[in-house]
Novice: 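Pasting a structure here, questions to come.
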Amino acid sequence: MIGFGAFLSMHPPQEQWALARRVEALGYESPWTGDHVCFHGPMYESLTLLASYASVTQRIRLGTAVYLLALRHPTIAAKITSTLDALSGGRLIFGVGVGGENPKEFEASGIPHAERGARVTEGIDVVGALWRDTPASFKGRFTSFV
């Protein structure tokens, strides 16, 4: 089965929610959000925006295209995404990427640009452990917890 999604650009809140409802009404599978800490133009924070879509839709999946995991601590990302997935009834699609086209956002986040790949690789393992294991533990280069 082939599904179609829509990447929604930035609009004022009422228009954002109307677009999400329209995407659902038209039979699309999902709305998608981009993710940057700072970029060329204004952009909402992706997971917060998807949470708002969850409250105004019933069926559509909610996706990040793509979440720059290296810019966030993976334990916090795991908590936020697991909450969003639960509150949306299991509709989150958590697309993760390395990014890097805007080195200044790595600088602004205190993350060395050259470490982004290693941080994402480890971050995926951290998020997976926290989603899957109770209690979870992890020992890595950037993240460790018991």
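In this chain, numbering begins with 1 at the start of the sequence shown. If you're wondering where the values come from, they're calculated on a predicted model, not measured in any experiment.
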Novice: Can you list every pair that meets side chain to side chain donor-acceptor pair (under 3.5 Å) and has a residue in residues 81-95, with sequence neighbours left out?
Specialist: Thr57-Arg91, Thr81-Trp131
Novice: First locate atom CD1 of Ile111, then atom NE2 of His73, and finally report the distance between them rounded to the nearest 0.5 Å.
Specialist: 9.0 Å
Novice: Got a donor-acceptor contact below 3.5 angstrom from the His113 side chain to the Gly100 backbone?
Specialist: yes
Novice: Identify the two heavy atoms, one from Leu49 and one from Thr33, that lie closest to each other, and give their separation to 0.1 Å.
Specialist: CD2-CG2, 3.5 Å
Novice: Please give me the minimum heavy-atom distance between Val56 and Ala20, naming the atom from each residue.
Specialist: CG2-CB, 4.4 Å
Novice: Grouping I, L, V, M, F, W and Y whenever their side-chain heavy atoms are under 4.5 Å apart, do Ile124 and Ile76 come out in a common cluster?
Specialist: yes
Novice: Considering non-hydrogen atoms only, spot the tightest contact between Val23 and Ala6 and give its length.
Specialist: CG2-CB, 3.9 Å
Novice: Could you go through residues 40-48 and list every donor-acceptor pair under 3.5 Å that involves a side-chain atom there, pairing it with any protein atom two or more places apart or in another chain?
Specialist:
unit_1 : atom_1 : unit_2 : atom_2 : d
Tyr44  : OH     : His11  : O      : 2.8
Glu45  : OE1    : Leu47  : N      : 3.2
Glu45  : OE1    : Thr48  : N      : 2.7
Glu45  : OE1    : Thr48  : OG1    : 2.6
Glu45  : OE2    : Leu47  : N      : 3.3
Ser46  : OG     : Asp35  : OD1    : 3.1

Novice: So, do Leu130 and Phe138 sit near enough that their side-chain heavy atoms are less than 4.5 Å apart?
Specialist: no
Novice: I want to check something: taking the side chain as every heavy atom from C-beta on, are Arg72 and Tyr67 in contact at a cut-off of under 4.5 Å?
Specialist: yes
Novice: Just wondering, do Tyr53 and Leu8 contact through their side chains at under 4.5 Å, heavy atoms?
Specialist: yes
Novice: In the hydrophobic clustering (ILVMFWY, side-chain contacts below 4.5 Å, transitive), which residues join Leu87, or is it alone?
Specialist: none
Novice: For residues Asn102 and Cys38, report the shortest heavy-atom separation together with the two atoms involved.
Specialist: ND2-O, 2.8 Å
Novice: For Thr121 and Ala118, indicate whether the former's side chain and the latter's backbone hold a donor-acceptor pair under 3.5 Å.
Specialist: no
Novice: Partners of Glu101 by side chain to side chain donor-acceptor pair (under 3.5 Å), sequence neighbours excluded?
Specialist: His36
Novice: Going by side-chain heavy atoms closer than 4.5 Å, which hydrophobic residues are tied to Ile93, directly or by a chain of links?
Specialist: Phe7, Trp32
Novice: Are Leu71 and Val120 connected in the hydrophobic side-chain network, where two residues link if heavy atoms are under 4.5 Å apart?
Specialist: no
Novice: Give every residue pair that meets the salt bridge (Lys or Arg N to Asp or Glu O under 4.0 Å) criterion with at least one member in residues 108-124, sequence neighbours excluded.
Specialist: Glu115-Arg119, Glu115-Arg141
Novice: Evaluate the side-chain proximity of Leu62 to Ser30: yes if any heavy-atom separation is below 4.5 Å, no if none is.
Specialist: no
Novice: Report yes if the side chains of Thr75 and Thr143 come closer than 4.5 Å at any heavy-atom pair, otherwise no.
Specialist: yes
Novice: Test of understanding: clusters of I, L, V, M, F, W, Y form through side-chain heavy atoms closer than 4.5 Å, transitively. Do Val127 and Leu50 belong to the same one?
Specialist: yes
Novice: What are the two closest non-hydrogen atoms of Gly123 and Leu69, and how far apart are they?
Specialist: C-CD2, 3.5 Å
Novice: How many angstroms lie between atom CD1 of Ile60 and atom CD of Glu29, to the nearest 0.5 angstrom?
Specialist: 10.0 Å
Novice: Hydrophobic clusters here meaning ILVMFWY residues chained together by side-chain heavy-atom distances under 4.5 Å, can you tell me if Leu68 and Val98 are in one?
Specialist: no
Novice: With no hydrogens and no angle check, is any side-chain donor or acceptor of Thr64 less than 3.5 Å from a backbone partner on Phe94?
Specialist: no
Novice: With a 6.0 Å cut-off (strictly less than), is the heavy-atom count around OH of Tyr28, excluding the residue itself, greater than 12?
Specialist: no
Novice: If you count the non-hydrogen atoms of other residues, nucleotides and ligands that lie under 6.0 Å from CZ in Arg59, is the total more than 12?
Specialist: yes
